[in-house]
Each structure stands twice: as structure tokens, then as C-alpha cells.
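To keep things clear, I will list the structure first and then write my remarks on it.
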Protein chains: 2
Amino acid sequence: MLLTIDLDSEVPIYQQIRDRVVEAIADGDLAEGSALPSTRQLAADLSINFHTVNKAYDLLRRQGVIRINRKSGAVVRRDAGSGPPEAGFADEWQARLRTLLAEAAVHGVNTDEAMLRCEEVLSSFAVKKGTPA
Amino acid sequence: MLLTIDLDSEVPIYQQIRDRVVEAIADGDLAEGSALPSTRQLAADLSINFHTVNKAYDLLRRQGVIRINRKSGAVVRRDAGSGPPEAGFADEWQARLRTLLAEAAVHGVNTDEAMLRCEEVLSSFAVKKGTPA
DNA sequence: GATCTGTTATAGTACTTCTATATCAGATAG
DNA sequence: CTATCTGATATAGAAGTACTATAACAGATC
């Protein structure tokens, strides 16, 4: 199974799908240019309606993460992080980072600990990025 | 104005209030033990219904960020980050950090850049934390 | 032609968000 | 004591979101 979702989560299903796909790309589990399952296929695998998958894919497309063609279906963009992907992405992203880190700070996570967590996560991406040996 | 919200945002108002309060605490703008405006007062300031503020405060209380008494109203907890605040907070938080950092990675932000952003945000907290001179 | 794909339309249920009132109780200031 | 502030709670409605259920169409593939 490429993807796992939690039906009991507060996070909407289509958002979970988006998050898992983005993480899979960062991890290197989904290589650039590779195809995602068809909306109906993934919906069947997850036992959900295909419109929900459609919404997730449409979100990924609007965010510049994937391309969707009638021919090849949904494929991971090869140039997802090139050019000006989305105006104001960096600012909006840092605002969310700020909120997330503030939350940790308030819960007693000190600066060093927080940095460690960030390094930990980021290095888990880098490890797999150079996949071919 | 202690707090600014964006009525055009996709983020629910009560969530925005929660986020701004958490950030204000991390920044040191809201010291531990200090009081938040009353729900009716803040609602009037923001020109929204007091139930929406109530929901935000209730969320902050359930997350262990503030205490609410009938006497003193809502005050920032002095021991917000001590003991076991919420079971599984760290795990859930790191999962969200992972999603956020993956998003940056997919948009072409490399590891060094991402770390720099994290440092930047975290140091902006630390600067104000030792407020009294 | 049958079957896969994405695309689009319609529509209903359930839930969330926000607003609007109203009421009650405790604390406080005049 | 009365007026007014506070939080707490109940109810209800409007608008939007999330998800599901069908259905139909067009292009690609076998």
C-alpha cells in the first residue's frame, strides 16, 4: 500500500492523501516523473469515494506538485521546485512554520530540542533522495 | 491591538485566534500569568461573535495553554510546558513538522535553507523571552 | 466493442463554522 | 442593593465543507 489514511482523524481524508503524497516525494518513495494510482484505483484501495481522491489530486495539481493528463494520469512533476512555483509560497510557509514552532515552545520544547527535531526530519528526507546506487 | 485576524483566510477564525495567542506567548508578548481579554471584549475588538472567541479560548484551555476561572478570566498558564502536558504531543507535533518540511522540500527548498528558516523563527522567540531588563 | 482513464454534473447527508439570542450565576463597583 | 462586568450554557439558524452516490461523456488501450 502506497498510502495509509486514518478515517478517525480530524484531518480531512483529501488532506491526508495530499500530505502522504508530499511526504512520499520528499522521502524519495515517489520519484519525480512516476505515476500515482488512478483516482478510482486509489479510492477502491482506501475504500473511499473516488471524488475524495479526485479532490486530493486536484489540490496537489493546484499546488504544483503533480501534473494530470488524460493520457498518463497523475504523475509527479519533474520540476516541482523550480522557477516561481507559487507567488508568496515562502512567506505563507514560514508563517505556518512559525505557528508550529511556537506551539512547541509553549509546550516546553526548548530551542535546541526543536532544532534537533528539524534536523532529524530533514535528514530522513536526504537519506533516501539519492536512491539509485 | 493584541491580536489580528484575517476574515478572508481559509483558516477558521477560532483557529487564527489560537495561533496568534500561541505565537504571542512564544514571542514573549504574552507573559506567563498575564490575562487575556474577556471573550466579549475581544469579540467586540475583532467585530465577531463572542462564541467564536469562546471556542478559541476553550481550545487553548484543552491544549493546556491557558487557564480559565470565573474570577480572573483567561490567563496564560505559568507551567504550560512542564510535566506531561498532553499524552503523545511530541509525536503528533513531529508528524506535523514532517508534513510541513516535506512540503518545503517538494517546492525546492533544500535542507540548508529549511534549517536556516527554522533557526530564524526560533531565534525570534528567544530574543524576546528574557524581557525584563 | 469492452474497459480503462480523467472530467463533469447533480444531489443528498452529515458535520463545521459562525452568528444571534437568551438565560443563569458569581464577582465587583457605584 | 442595583447595575454591570465576567464566564457558562442552551438553542437555533445560515452558510459552507466533507464525503458519498450516481450518472454520463470523451479519449486511450487492448
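Naming: A, B, ... by sequence-line order, numbering from 1 per chain.
With hydrogens and angles left out, the side-chain atoms of A/Thr52 and A/Asn49 include no donor and acceptor closer than 3.5 Å.
In this structure, the CG atom of B/Asn49 is 9 Å from the C1' atom of C/dT21, given to the nearest Å. Counting to the nearest Å, the P atom of C/dT3 and the CD atom of A/Gln41 are 16 Å from each other.
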Scan nucleotides 8-10 of chain C against the protein and return all N/O pairs shorter than 3.5 Å with their distances rounded to 0.1 Å.
{"from": "C/dT8", "atom 1": "O4", "to": "A/His51", "atom 2": "NE2", "distance (Å)": "3.4"}
{"from": "C/dA9", "atom 1": "N6", "to": "A/His51", "atom 2": "NE2", "distance (Å)": "2.7"}

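By the 4.0 Å N-to-carboxylate-O rule, B/Asp29 lies too far from B/Arg20 to be salt-bridged with it.
Regarding contacts with the backbone of D/dT20, a side-chain N or O of A/Thr52 is found under 4.0 angstrom from either OP1 or OP2.
As judged by a 4.0 angstrom heavy-atom cut-off over every strand, B/Thr39 is placed among residues touching the sugar-phosphate backbone only. Across all strands, B/Tyr57 comes closer than 4.0 Å to no nucleic acid atom at all (heavy-atom distances).
Proximity note for A/Arg70 (side chain, C-beta onward) versus D/dA18, C/dT7, D/dA28: the nearest is C/dT7.
When each of A/Leu97, A/Thr111, A/Leu100 is paired with B/Val121, the side chain to side chain contact (heavy atoms under 4.5 Å, CB included) condition holds for A/Leu97 and for no other.
Proximity of residues 17-24 of chain A to DNA chain C (heavy atom under 4.0 angstrom from any strand atom) is not detected for any residue.
Both A/Ser38 and A/Glu10 sit near DNA chain C, but only A/Ser38 has its closest nucleotide nearer the 5' end.
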